[in-house]
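Remarks on the structure that follows.
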Amino acid sequence: MRFRLASLSRHLQNDEAPLPLLHQLHALRNSVLSLVSNSDYIFSGSQNEDISVWEKQTFTLKSTLRGHTGSVLALELAKEKEWLFSSSGDSTVRIWHTSKLTPLYIISPYLTSAGDLFSLSWSPTLQTIYIGCQDTSLQWYDFSSLIPPIPASSLSLSSVSSSSYTDLVSLSHTGTSTPSTRKAHKFFDSYPQYERRPADLFARNPSMSGRPESNSPSEAEYPPAEYGLLDVSVTNVIHSAHYGYIYCMALLNNDGKEKDGGSGGVQLATGSGDETVKLWDCTLKGPVCVHEFECAQGAVLALVAQNETIYAGCQDGYVKVLDLETKTLVRTIIVQEGIDILSMSMIGSDLYTCSADGWIKCWSASFDCTASWQGHNGIILSSFIDVKRPNSARLVTGGNDNYIKVWEVDPPKPRKEDRRLLPKSHDSESFTDTMTYALSKFISIPSVSCTSSHTEDCRQAAIWLKKCLNQLGAHTSLLPTGEGKNPLVLGIFSGTKGDKPKPRVLFYGHYDVIPAPRQGWSSDPFTLTGRNGYLYGRGVTDNKGPIIAVACAAADLLSRRALGCDLVFLIEGEEECGSTGFRETVGRYKDAIGDIDAILVSNSTWIGEDKPCITYGLRGVIHCELEISSNHPDLHSGVEGGAVVEPMFDMVRLLASLTDGQRTVQIPGFYDHVRPQTEEEKELYKLLSNVTRRPAASLSSRWREPSLTLHTIEVSGPKNATVIPGLVKSQVSVRIVPDQDLDTITKALVAHLESSFEILQSPNNLRVTVEHVADWWLGNLDDHWFQSLESAVQDVWGVAPLRIREGGSIPSVPYLEKEFGCHALHLPMGQSSDQAHLPNERLSLKNLHKGKAVVEMFLLNIAENCIPNVH
């Protein structure tokens, strides 16, 4: 096992089980610094200045491309042009024809002090090659308007000087090159000392100079060449693009979305010795830096990009996982501490890291190590993935042990979904299919927020939902909530403009779910399964089903040009674990969210099975942890029993002080401000008692009376009957109701616990931690927003909805009311038997379809009858 304790990634395969080695290529004294391939050949750049060309079918050496006078540091393909780019320590980029295996061009960077050219990246969209330089500059050459060069064979070199020849060649190009004005450098353009010749521009390019008399092997490789000499223009340079060498680059194509300058959404990521990754928008005028990621883990030596994610391989064995949408660090993978990561490759969601100790490791989408083996007896310097067929791929690696090795790899199995987010047809009659199809994709992502192993799944759920809402017609974005936290999804469906102002409704929900242990489920909890009119799956009723129903309702109205209001989706990913970071993020992006006139929530169930309901009240909650510890370790009761004051006895006495024998809470002032029950409420509870066959007093105590609950007691030690635990913990919660003040009750609870513990006069220590709180919420039954929702329910279901309250809490609802200065409405979509948070969670297809119809009717009602608030 090669993992340090600091790593949170699981190691799921033994080190002794490498992937099958298909073939290995050996070149004597030839470290493999760079690798690429096309359909026919593997190209390998070496430390001995050559590029070896290997046939892929036979694994034999086809040819050697010579010309560089320094190590070949990077290779890049322009497949549509049949070009191979190579960059070198000789401070040139050469271009070769990948079928004829002949030289085409030499590109000289701006200024001879560019030094080693570490990295290359080709943009087919912009027809531009980007060059990462040792002098910290980022340079590029645009081939979009290149005129073929003057053939060298057509010039009489005997009558043309070196300088005039260079000018002629340079003038044959438009593009972004300029006439060559570069002077020969006395070091970089020098001849061997024994030749006693002055430096000139051809000294470093013996195979392309056109000079007839030479017996060097590199010149013998080719006949008189037809090539061009190209210079990077001064306008095509960003000096000090980083504060360190630009070691690596990765090109990103963002779904073809147009950006300023017509770049078609092309972005470039660059990694440097300054410990940063920079993101550049590639425009027709050149790259523009739009963001800088601080990796703070040594030089960034390797980059690979996949969809909305950049993986940055750093010194000391760390991979930084960077999210492009939210511009945040989402994960750090500890590959092997202290060992540089020099190359990385991806296939699907699997990441292969290649390290300086010769080890190769494969990482899954959940950042678990699924394969690990020593691939080379030395430093692995380069790698790429060659996809043969959809189910067949090869990992090719090169090292300083003079070997290129070809490994058989199995591409990761995709999730149980195809590439489409939704069916292609979006007419009104198809939205039922769209809804169930989209829900099946949503359910398949195990977005469990309270488990660190599902952090990436939560992020992927957010990305999927953003794309889904966008495809349905919303303008979408992800709002970062902080490092290690799940982003919010913001989606805005813009209604049809009319003569009067449009209402703006915020729909709040959450895409995270609680864990779903397989025990107790009749089917896979993360595969949407239809059975007897119900859809089963984790999150189907809480809260993914309602989210998709509301989204499809908005999309249906939008497709009919009947959406007369703006519907703003604000979907969080931390609701099941306390909505961490939600308030701060909403406050930070309040301008992007905009003014809100009403809030719609659908995050609970009916009181029964048949009668539709509207929820108008929620209790608040205070969760706290109590910890009592002694100054002793765990003790043996047969040795120390009776001689010490045991923390368990203190905890029992302290918990007993919270209530009396009639279960009345003993916190001072606890009941002082509880709102008295009205006669109207009493009549409502009688009605609901007849529907539910539960006593009215039971409903009242569940919904509108405060309560205190003891959840857990945990002890240190082996938990057997002979140990006196030195540490005891307990979880306690308090539910509050109108008009109890949240802060007052919180302080009173803590004060009561501390004073009760003092009375015990115990030598042990008490610590009380308030973990999270949520205020109570009570809707307004008399405003036009509530009446519009109630009318919509009655129109769709044919009966007036029951008005109910819930004993649970949704922390974000009262906060959103206060933040936006408007009322919230709560439309439960599921039935009481939906098993939310339990095995076999389900949602009736009938309720899903009618829930969508209710939301459509509500949105139509408010567009017609509700006047936007004055903000």
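Neither side chain, S123 nor T125, offers a donor N or O lying under 3.5 Å from an acceptor on the other. Side-chain atoms of S99 and E82 form a donor-acceptor pair, as typed in the model, at a separation below 3.5 Å. Using a 3.5 Å distance cut-off with no hydrogens or angles, the side chains of W407 and T397 do pair a donor with an acceptor. Looking only at atom types and distance, the side chain of S383 has a donor-acceptor partner in the side chain of S345 under 3.5 Å away.
At least one donor-acceptor pair closer than 3.5 Å links the side chain of S87 to the backbone N or O of L117. Of the possible donor and acceptor atoms, none in the side chain of E292 sits under 3.5 Å from a partner among the backbone N and O of V277. Looking only at distances, a side-chain donor or acceptor of S88 sits under 3.5 Å from a matching main-chain atom of D90. Checking side-chain atoms of N400 against main-chain N and O of I379 turns up a donor-acceptor pair under 3.5 Å. Of the possible donor and acceptor atoms, none in the side chain of S137 sits under 3.5 Å from a partner among the backbone N and O of D135. S364 places no side-chain N or O within donor-acceptor distance of the main-chain N or O of C369, the cut-off being under 3.5 Å.
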### Task
Check step by step if side-chain contact (heavy atoms from CB on, under 4.5 Å) holds for T276 and V300.
CA-CA 7 Å; T276 69; V300 179; over 6 Å; no
### Task
Decide yes or no on side-chain contact (heavy atoms from CB on, under 4.5 Å) for L279 and K327, but give the supporting numbers first.
CA-CA 10 Å; L279 189 63; K327 306 296 190 297; 3.8 Å; yes
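Remark: D323 pairs with R459 by the salt bridge (charged side-chain N to carboxylate O under 4.0 Å, His left out) rule, at least two apart or across chains. For A302, the side chain to side chain contact (heavy atoms under 4.5 Å, CB included) partners at least two apart in sequence or on another chain are M344. Residues satisfying the ring-ring contact (aromatic ring centres under 6.0 Å, His included) test with H291, not counting sequence neighbours, are F293. With sequence neighbours excluded, the residues satisfying side chain to side chain contact (heavy atoms under 4.5 Å, CB included) with Q57 are K388. Every residue two or more places apart in sequence or in another chain was checked for a salt bridge (charged side-chain N to carboxylate O under 4.0 Å, His left out) with D274, and none qualifies. Applying the ring-ring contact (aromatic ring centres under 6.0 Å, His included) test to Y247 and every residue at least two apart in sequence or in another chain returns F118, Y245. Every residue two or more places apart in sequence or in another chain that forms a side-chain hydrogen bond (donor to acceptor under 3.5 Å, both in side chains) with T58 is listed here: E55, T60. In terms of the ring-ring contact (aromatic ring centres under 6.0 Å, His included) criterion, Y243 has no residue partners (sequence neighbours excluded). With sequence neighbours excluded, no residue forms a side-chain hydrogen bond (donor to acceptor under 3.5 Å, both in side chains) with E76. Partners of L22 according to the side chain to side chain contact (heavy atoms under 4.5 Å, CB included) rule, which considers only residues two or more places apart in sequence or in another chain, are F59, R394, V406, E408.
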Side-chain donor/acceptor pairs under 3.5 Å, residues 346-355, sequence neighbours excluded:
unit_1 : atom_1 : unit_2 : atom_2 : d
T353   : OG1    : W363   : NE1    : 3.1

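Comment: K467 does not engage E325 in a salt bridge, judged by the lack of any side-chain N to carboxylate O separation of less than 4.0 angstrom.
Y105 has its ring centre less than 6.0 Å from the ring centre of W83.
Pairs engaging residues 31-53 under the salt bridge (Lys or Arg N to Asp or Glu O under 4.0 Å) rule: D50-R66 [sequence neighbours left out].
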